[in-house]
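As structure tokens, the structure follows; a few thoughts come after it.
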Amino acid sequence: MIVTALEELSASRSKVYIDGEFAFVLYKGELRSYHLCAGAEIAQRDYDEIMEEVLPKRAKLRAMNLLTKREYTEKQLRDKLRAGFYPQRIIEEALAYVAGFHYTDDLRYACDYITGHENIRSRRRIEQDLLGKGIERATLEQAWARWEELGGSQDEASMIRVLLEKRGYDAEKAEIRERQKTYAFLLRKGFSGETIRKVLKAEDIEA
């Protein structure tokens, strides 16, 4: 195996290409330790050590450090590790490691997110948010079921009224153009057309 190129990522790290293909990222000190430079041969034992010891340990530590600051979905954590240019199998190993300690749990994440936003976001908006964060549809349905079992409920009409109050909307004085504009705004927030029309007292606006 031949190191065909080194591409500097920062003052301390470089991307390593082996036999013409990107392999991994190493720190400058590691490049010196393994005697890696463009045109040099990398011994199989060194390659194996990097892939089986150096990078897995680093990826696990990176994942753990991220999770000490906030909770991530599996997809979000995978994206973070990909941004660090870790090889795919190293990423999956790191994800399996943190999941084994229950540091990542998409169902828990979804339940917490629903509970934290139940009074300020519509169900549809919450679902859009969670799907965008990589939560699977089946996991999302489980989370809603658990939330309901624990007594969770939403009053979307009340949430709409709070938003209207912030916008200074007056249903009695609003003209058709303002009603239509406000209706569109609330639709984008994920509220149902029927609920919006009732609160706006604007049954003349079509769904």
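As the structure is a prediction and not an experimental result, all values here were calculated from the model.
- L130 places a side-chain heavy atom less than 4.5 Å from the side chain of I114.
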Would T182 and L163 satisfy side-chain contact (heavy atoms from CB on, under 4.5 Å), going step by step from the backbone distance to the final call? CA-CA 10 Å; T182 304; L163 288 172; over 6 Å; no
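- For the pair D129 and R125, the salt-bridge criterion is met [side-chain N within less than 4.0 Å of a carboxylate O].
- A heavy-atom distance below 4.5 Å is found between the side chains of Y34 and V54.
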Evaluate the criterion side-chain contact (heavy atoms from CB on, under 4.5 Å) for residue pair E74 and L95; output intermediate values, then yes/no. CA-CA 7 Å; E74 183 177 307; L95 291 175; 4.2 Å; yes
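- One hydrophobic cluster, built from ILVMFWY side chains closer than 4.5 Å, holds both Y47 and V3.
- Annotation: side chain of L6 is not in contact with side chain of L26 (no heavy-atom distance under 4.5 Å).
- Between R108 and E71 there is a side-chain heavy-atom pair separated by less than 4.5 Å.
- Atom CG in L9 sits 9.0 Å away from atom NZ in K28 (nearest 0.5 Å).
- A heavy-atom distance below 4.5 Å is found between the side chains of Y109 and Q76.
- By the 4.0 Å N-to-carboxylate-O rule, K57 lies too far from E53 to be salt-bridged with it.
- Two residues are said to be in side-chain contact when any heavy atoms from C-beta on lie closer than 4.5 Å; D79 and Y72 fail this criterion.
- Here the CG-OH distance, from L200 to Y169, works out to 4.5 Å after rounding to the nearest 0.5 Å.
- Through ILVMFWY side-chain contacts below 4.5 Å, Y27 is grouped with nothing and stands alone.
- The distance from atom OG of S14 to atom CG of L36, rounded to the nearest 0.5 Å, is 10.5 Å.
- Taking the centre and axis of the six-membered ring of Y86, the NZ or CZ atom of R62 falls outside the cone set by 45° and 6.0 Å.
- For the atom pair Q44 CD and M1 CE, the distance stands at 4.0 Å (nearest 0.5 Å).
- Between S158 and R161 there is a side-chain heavy-atom pair separated by less than 4.5 Å.
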Stepwise side-chain contact (heavy atoms from CB on, under 4.5 Å) check, I50 with I42: CA-CA 11 Å; I50 291 167; I42 177 171; 4.1 Å; yes
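- The existence of a salt bridge linking R45 and E49 is excluded, since no basic side-chain nitrogen approaches an acidic carboxylate oxygen closer than 4.0 Å.
- One distance of note links OG1 of T104 with CZ of R78; it measures 10.0 Å at 0.5 Å rounding.
- A distance of 11.5 Å separates CD of E93 from CD1 of I91, quoted to the nearest 0.5 Å.
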For N65 and K69: C-alpha separation, side-chain torsions, deciding distance, then whether side-chain contact (heavy atoms from CB on, under 4.5 Å) applies. CA-CA 7 Å; N65 285 335; K69 297 174 183 176; 5.6 Å; no
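- Between F22 and F85, the ring planes lie perpendicular to each other; the angle is over 60°, past the 30° to 60° tilted range.
- Ring geometry, F101 versus Y103: the interplanar angle falls under 30°, so the pair is classed parallel (tilted spans 30 to 60°).
- Between Y113 and H117, the ring-plane angle classifies as parallel under the 30° and 60° cut-offs.
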